[in-house]
**Q** 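This is the structure I have questions about; it appears just below.
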Amino acid sequence: MGYPDIERVRDGEAALRRIVDAHAGPGPDLRALRRVVDLCRGMAEAIDDPYCQQKIHLLTEYCAELLSQGGRIDFLRQQIRAALELLQSRLYSLERARRVGASALSRAAARPAFGTLYPR
């Protein structure tokens, strides 16, 4: 069972990685910057988790600096990769919690109600 919100953010993550890795620097790349802003906006709208939204906002800022000014390229790439790792970890945790919760619900639904008599 997939989770569309998590998958949408993961797709956005992959696209961000490709954009950041492809940026040759040091000059601005306004087309890539527009793409990053759109990706990050879509990712933030897709997921209802404040921690993820905070990391996505941070990614937007780092990517905007990288793609608009191009200074400190190595530092910014390192920060972007670190934020992507944290986001990826959080998505894994959210997905795992949902799976465990769904499993617990299905087990609870399979149990007979309290006080139900069993035929002998």
Side-chain angles (χ1 to χ4, degrees):
M1 168 172 54
Y3 300 100
D5 57 340
I6 291 175
E7 291 306 315
R8 185 169 173 196
V9 175
R10 284 186 176 143
D11 290 345
E13 264 187 309
L16 280 177
R17 282 184 198 277
R18 287 191 300 271
I19 291 169
V20 168
D21 290 344
H23 180 64
D29 185 345
L30 299 181
R31 176 176 279 166
L33 176 58
R34 280 190 299 275
R35 178 74 177 127
V36 163
V37 169
D38 289 342
L39 276 170
C40 289
R41 183 180 301 124
M43 290 165 57
E45 289 171 357
I47 193 89
D48 186 23
D49 181 71
Y51 182 86
C52 287
Q53 291 171 342
Q54 178 189 27
K55 293 304 166 205
I56 292 167
H57 179 73
L58 189 62
L59 282 165
T60 306
E61 290 179 2
Y62 286 140
C63 288
E65 188 172 342
L66 175 72
L67 297 169
S68 65
Q69 299 172 10
R72 306 180 306 161
I73 292 173
D74 292 332
F75 171 77
L76 289 169
R77 280 194 172 134
Q78 181 181 17
Q79 295 303 307
I80 290 166
R81 287 186 184 111
L84 285 168
E85 287 287 324
L86 291 170
L87 180 59
Q88 188 176 40
S89 177
R90 178 63 174 191
L91 291 173
Y92 173 80
S93 296
L94 289 173
E95 184 175 36
R96 183 79 178 141
R98 288 180 187 180
R99 288 186 195 277
V100 168
S103 176
L105 283 176
S106 64
R107 282 193 311 271
R111 283 189 222 127
F114 181 76
T116 303
L117 297 176
Y118 292 99
R120 295 182 193 213

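Both backbone and side-chain heavy atoms feed into the values below; hydrogens, waters and symmetry mates do not. The residues of the chain are indexed from 1 along the displayed sequence.
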**Q** Check salt bridge (Lys or Arg N to Asp or Glu O under 4.0 Å) between Asp38 and all other residues, then give those that pass, not counting sequence neighbours.
**A** Arg41
**Q** Given a cutoff of under 4.5 Å between side-chain heavy atoms of I, L, V, M, F, W and Y, with clusters grown through shared members, what are the other residues clustered with Leu86?
**A**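 Its cluster partners, ordered by chain and number, are Tyr51.
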**Q** Distance check, rounded to the nearest 0.5 Å: Cys63 atom SG versus Arg35 atom CZ?
**A** 12.0 Å
**Q** Hey, are His57 and Gln53 close enough side-chain-wise for a donor-acceptor pair under 3.5 Å?
**A** no
**Q** Search all heavy atoms of Leu33 against all heavy atoms of Ser68 and return the closest pair with its distance.
**A** CD2-CB, 4.0 Å
**Q** Closest heavy-atom contact between Ala46 and Val9?
**A** CB-CG2, 4.4 Å
**Q** How many angstroms lie between atom CD of Gln79 and atom CG of Leu66, to the nearest 0.5 angstrom?
**A** 11.5 Å
**Q** Under the salt bridge (Lys or Arg N to Asp or Glu O under 4.0 Å) test, which residues partner Asp29, sequence neighbours left out?
**A**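 None.
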**Q** Considering residues at least two apart in sequence or located in another chain, which fulfil the salt bridge (Lys or Arg N to Asp or Glu O under 4.0 Å) criterion with Arg81?
**A** Asp21
**Q** Are Gln78 and Tyr62 close enough that some pair of their side-chain heavy atoms sits under 4.5 Å apart?
**A** no
**Q** Give, for atom OG1 of Thr60 and atom CE of Met43, the distance between the pair rounded to the nearest 0.5 Å.
**A**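 Going from the OG1 atom of Thr60 to the CE atom of Met43 covers 7.5 Å.
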**Q** Is Ser89 reaching over with its side chain to a backbone N or O of Glu85, donor-acceptor style, under 3.5 angstrom?
**A** no
**Q** Using the salt bridge (Lys or Arg N to Asp or Glu O under 4.0 Å) criterion, which residues pair with Arg10? Sequence neighbours excluded.
**A**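 Glu7, Glu95.
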**Q** How far does CG of Leu91 sit from CZ of Arg8, to the nearest 0.5 angstrom?
**A** 13.0 Å
**Q** For Arg34, enumerate each residue passing the side-chain contact (heavy atoms from CB on, under 4.5 Å) test, keeping only those at least two apart in sequence or located in another chain.
**A** Leu30, Arg31
**Q** Do Ile19 and Leu39 come within less than 4.5 Å of each other through their side chains, counting heavy atoms only?
**A** yes
**Q** Is any side-chain heavy atom of Val20 closer than 4.5 Å to one of Leu84?
**A** no
**Q** With sequence neighbours excluded, tell me which residues meet side chain to side chain donor-acceptor pair (under 3.5 Å) with Arg90.
**A** Asp49
**Q** Residues in side chain to side chain donor-acceptor pair (under 3.5 Å) with Gln88, at least two apart?
**A** none
